[in-house]
2 protein chains.
Amino acid sequence: MPRPSQRDRILDAYTELVVTSGPETVTLEAVATAAGVSKGGLLYHFGSREALLEGLLERARGLNADDLAAARAAPEGVAHYYLRTSVDEPVAGSPVYRATVALIKLATTEPRAAEATRACLAGWRAALTEELGDPLSADLVAAVGDGIYLRAIVGDSSEGLGAAIDEVLRRASPR
Amino acid sequence: MPRPSQRDRILDAYTELVVTSGPETVTLEAVATAAGVSKGGLLYHFGSREALLEGLLERARGLNADDLAAARAAPEGVAHYYLRTSVDEPVAGSPVYRATVALIKLATTEPRAAEATRACLAGWRAALTEELGDPLSADLVAAVGDGIYLRAIVGDSSEGLGAAIDEVLRRASPR
DNA sequence: GTCTATACGCGGATAGAC
DNA sequence: GTCTATCCGCGTATAGAC
């Protein structure tokens, strides 16, 4: 399965529109225009709306796996990495982050997106448990990160938490 | 503004469909059928799709305000109440809970729903800060609760956390 | 590969009978 | 108040030219 650059540009546009306008509002026409092609052109690359969704899902899975791997290799540790990026990315807006937010938004409607989201969350929880040892600490950190995502999706920020990541991690651990 | 029973039945059906199928998938036809009326009948009570949304929003706000008041009056305290219900309700499925989940799902697409959601979250955070004193503790508990909601929306459960609410609250507080 | 034109179905909304 | 019938616009998908 080759990856012609045009496919990616279309997926980028789709992702962006889902993030900003929410799913279902997004029409093929809108995606095509944003990607700089016509509706017909888009449908050459992705035969249907369903195929377009599948493309986004697949890419989101891949980006998330890479991100998780990066976290595992990061000196700061998985837990710190997860909280830090959860808080920072809404501003930075990396590809992974955008893809993940799109994934969650799509999850409200599409069962396959919901499943993909669960898989991603499970991956982080596993990595956190592995690193922190204590299951409750891991679940706690995971929940906080998830909560930050929810807020971002709803248009809320979590600065307070972002400024105190180290303290949060300290409290999460058993005393 | 009187509250004829039929209006509520329609809003119930709408809420239920949004929770199960996600927004936008829900057609007026489907809502009408689920509520036991025809499309025309529904449109007598709610002049448009927009009006229907507004009805749900308003009711969700009211239910949430009541719930928050109940939490403030609860012997267990706001923090415990918030975490406990966040974990338990996905199973129990009270009206408030359903309305809130519908609200969040709608928030991915509708700006007004997003705003209503932010208002609800802000209300809980304020009550938590008031009760716990320490702002970070409050933000931490709030984030955990929000994370539990995100999981529920994505079809994930948070049993692990639910079994250890007291311990979570202990860790959330300053040491 | 990418475009234009077009067919088709569906969902929202109105009109008017009962 | 609630229903049926109908109109209209929009979004997906196809056909076929370039």
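Chain letters run A, B, ... following the sequence lines, proteins first and then strands; every chain starts at 1. Hydrogens, waters and symmetry mates are skipped; everything else that's a heavy atom, side chains included, is used. Since this is a predicted model, take the numbers as computed values, not measurements.
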List the atom pairs, donor and acceptor, that lie under 3.5 Å between side-chain atoms in residues 142-156 of chain B and the rest of the protein, sequence neighbours left out.
residue	atom	partner	partner atom	Å
B:Asp146	OD1	B:Tyr82	OH	2.9
B:Asp146	OD2	A:Arg151	NE	2.9
B:Asp146	OD2	A:Arg151	NH2	3.3
B:Arg151	NE	A:Asp146	OD2	2.9
B:Arg151	NH1	A:Asp139	OD1	3.3
B:Arg151	NH1	B:Ser158	OG	3.3
B:Arg151	NH2	A:Asp146	OD2	3.3
B:Asp156	OD2	A:Arg125	NH2	3.4

Less than 3.5 Å apart, which donor and acceptor atoms pair up between the side chains of residues 162-169 of chain B and the rest of the protein, not counting sequence neighbours?
residue	atom	partner	partner atom	Å
B:Asp166	OD1	B:His80	NE2	3.4
B:Glu167	OE1	B:Arg170	NH1	2.5
B:Glu167	OE2	B:Arg171	NE	2.8
B:Glu167	OE2	B:Arg171	NH2	3.4

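The stretch residues 83-92 of chain A participates, sequence neighbours left out, in these salt bridge (charged side-chain N to carboxylate O under 4.0 Å, His left out) pairs: A:Glu76-A:Arg84. Listed by first then second residue, pairs satisfying side chain to side chain donor-acceptor pair (under 3.5 Å) with a partner in residues 15-37 of chain A read A:Glu16-A:Arg98, not counting sequence neighbours.
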Quick one, give me the B/S/- string for nucleotides 2-18 of chain D, reading 5' to 3', where B means a protein heavy atom under 4.0 Å from the base and S means that only happens at the primed atoms, P, OP1 or OP2.
-> BBB------SBBB----

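By the side-chain contact (heavy atoms from CB on, under 4.5 Å) test, A:Arg112 is found to be paired with A:Glu50, A:Glu54, A:Leu57, residues two or more places apart in sequence or in another chain being considered.
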